[in-house]
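Worksheet: the structure to be examined is printed underneath.
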Amino acid sequence: MAQTASHPKQSTGEDLAGAELSAQLEVYRRELTGYCYRLLGGTFDADDAVQETLLRAWRSYDRFEGRSSLRTWLYRIATNVCFDQLGSSRAKRERPMGLGAAADPVEESLTMVLPEYAWVEPVPTEHVLPGASDPADTAVARESVRLAFVAALQHLPAKQRAVLILREVLRWPAAEVATLLDTSVASVNSALQRARATLAEKSPDRSGTSQLPEHAASADESELLERYVAAFERYDMTALANLLREDAVMNMPPYAMWLEGIENIQAWMTGPGHGCEGSRCVPIHVNGTPGFAQYRQDPKGGHFPWGIVVLENDGAHITGITTFIDTEKWFPRFGLPDHLD
């Protein structure tokens, strides 16, 4: 476990047992982080929930009767921890596109700043997704942590959210989900139907989708990212515009402002955002998709951190550009340097 659980000093034999238990629990950290992130929409909230889950499991393991697998038991604890967090949260997390109309590409639009608990946060892909597996399962797992889908999940009641993730993303049988939630199979199936209906009613936003794919995407996202980065580092707005879909959106959490359309995005980048010219980009994997860390030119030399950029696409064009600009928070999270020479 990342933090040492608080417990009285034990004998050598008991210490060994405790270390073995901690190692067993630690195996599930990444998948539990992915589960809690989808439920909560907050990266650090998910960290806290997983840490609390493992701590509760460590403390109460002597009461674990083995009627279910250790994995199922941990998911039960994690679900309860997340439900407690959701019950005490001040507001559901959202994206700027869900909060109001598009803004004009002028600096005065940067007036409203969202509190950190109000917007969906980015997460390093490797922190929430398992390693290589069946290609179809991998496609669903990646889609299920994309910003648009995680934001859509936040509109579901907590139980429906959990049922949808467990059944559609993690592929748990209905009976196992019913056991985890202390309910009936009929109740699980009903909750799943209502969750699907809600997501279907929500029109997919222009920067992604609120539905999970039935098969792996055929688009080469890495190639599209490379073309975008090349155009951006040259600050060639014509080449960059050719990569955007006509109704592409751009947003910069924690600001509530968002822009829509190629012309407005170009106007921003050549106007208020002109300081991005001369930036360098470091490729990363974020929310199941290729992205990059943007470093702006430093007048003193080199480049300083500016933002974590998530690019969303429809297979042929970039549909959304999201730049998270809280560098002190996100660059260490992605293991990025604080300056480029």
Partner residues of [X] under the side chain to side chain contact (heavy atoms under 4.5 Å, CB included) criterion, sequence neighbours left out:
X	value
P254	V113, W119, I325
A174	R167, V185, V188, N189
P337	Y295, L340
P290	E221, S222, L225

**OP:** Assess whether side-chain contact (heavy atoms from CB on, under 4.5 Å) is satisfied between I321 and L244, documenting all intermediate values.
**Re:** CA-CA 10 Å; I321 307 166; L244 301 178; 4.0 Å; yes

Short side-chain to backbone donor-acceptor contact, [X] and [Y], under 3.5 Å:
X	Y	answer
H274	G271	yes
T33	V128	no
S187	T183	no
E121	T43	yes
H303	G278	yes

Under the ring pair (Phe, Tyr, Trp, His ring centres under 6.0 Å) rule, collect the residues that match up with [X], sequence neighbours excluded.
X	answer
W172	Y75
W73	F64
F83	none

I'd like to check [X] versus [Y] (side-chain heavy atoms, cut-off strictly below 4.5 Å). Are they in contact?
X	Y	value
L39	I165	yes
L243	H317	no
W306	S279	no
V286	P124	no
V309	L311	yes
M257	N251	no
Y28	L70	yes
L192	V177	no

Original post:
In chain order, what residues pass the salt bridge (charged side-chain N to carboxylate O under 4.0 Å, His left out) check against D236, with sequence neighbours excluded?
Top reply: R234

Subject >> Set of residues satisfying salt bridge (charged side-chain N to carboxylate O under 4.0 Å, His left out) with respect to E94, sequence neighbours excluded >> reply: none

Under 3.5 Å, is there a donor-acceptor pair between the [X] and [Y] side chains?
X	Y	value
R38	S144	yes
D314	T319	no
T198	R194	no

Please report the shortest heavy-atom distance between [X] and [Y], naming the atom on each side.
X	Y	value
V120	L147	CG1-CD2, 4.0 Å
Q85	D45	NE2-O, 3.5 Å
L74	A57	CD2-CB, 3.5 Å
R56	D84	NH2-OD2, 3.9 Å
T327	G307	CG2-N, 4.1 Å
E143	F149	O-CB, 3.5 Å

If I take atom [atom1] from residue [X] and atom [atom2] from residue [Y], how far apart are they, to the nearest 0.5 angstrom?
X	Y	atom1	atom2	value
E52	N80	CD	CG	11.0 Å
C276	E233	SG	CD	12.0 Å
W258	S109	CH2	OG	12.0 Å
Q294	T323	CD	OG1	6.0 Å
L153	R161	CG	CZ	7.0 Å
D326	I308	CG	CD1	10.5 Å

Quick test of your reading: applying salt bridge (charged side-chain N to carboxylate O under 4.0 Å, His left out), list the pairs with at least one residue in [range], sequence neighbours left out, ordered by first then second residue.
range	value
residues 97-117	E116-K329
residues 68-82	E31-R71, R76-D182
residues 277-303	none

Original post:
Given T79 and Y35, is the side chain to side chain donor-acceptor pair (under 3.5 Å) satisfied, shown in steps?
Top reply: CA-CA 9 Å; T79 301; Y35 178 61; 2.6 Å; yes

**OP:** Give the cluster check for V106 versus I262: same hydrophobic cluster or not, with ILVMFWY residues linked at side-chain heavy-atom distances below 4.5 Å.
**Re:** no

Original post:
Are F44 and V150 linked, directly or through other ILVMFWY residues, by side chains that come within less than 4.5 angstrom of each other?
Top reply: yes

**OP:** Verify the neighbour count for atom NE2 of H285: are there more than 12 heavy atoms of other residues, nucleotides or ligands below 6.0 Å?
**Re:** no

**OP:** Inspect the surroundings of CZ in F304 and state if more than 12 heavy atoms from other residues, nucleotides or ligands are less than 6.0 Å away.
**Re:** yes

Original post:
Would Y235 and L240 satisfy side-chain contact (heavy atoms from CB on, under 4.5 Å), going step by step from the backbone distance to the final call?
Top reply: CA-CA 8 Å; Y235 225 64; L240 190 144; over 6 Å; no

**OP:** Kindly indicate, with the supporting measurements, whether the criterion side chain to side chain donor-acceptor pair (under 3.5 Å) is fulfilled by T72 and E176.
**Re:** CA-CA 8 Å; T72 299; E176 191 171 359; 2.8 Å; yes

Subject >> Residues R333, D47; criterion side-chain contact (heavy atoms from CB on, under 4.5 Å); working and verdict >> reply: CA-CA 11 Å; R333 176 73 185 194; D47 287 345; 2.3 Å; yes

Original post:
Is there a side-chain contact (heavy atoms from CB on, under 4.5 Å) between L129 and R30 once you walk through the steps?
Top reply: CA-CA 7 Å; L129 294 186; R30 181 163 58 173; 6.0 Å; no

Subject >> Salt bridge present between R95 and E312 (N-O < 4.0 angstrom) >> reply: yes

Original post:
Should Y37 and N287 be marked as a side chain to side chain donor-acceptor pair (under 3.5 Å) after you check the CA-CA gap, both sets of side-chain angles, and the distance that decides it?
Top reply: CA-CA 10 Å; Y37 173 72; N287 284 83; 2.8 Å; yes

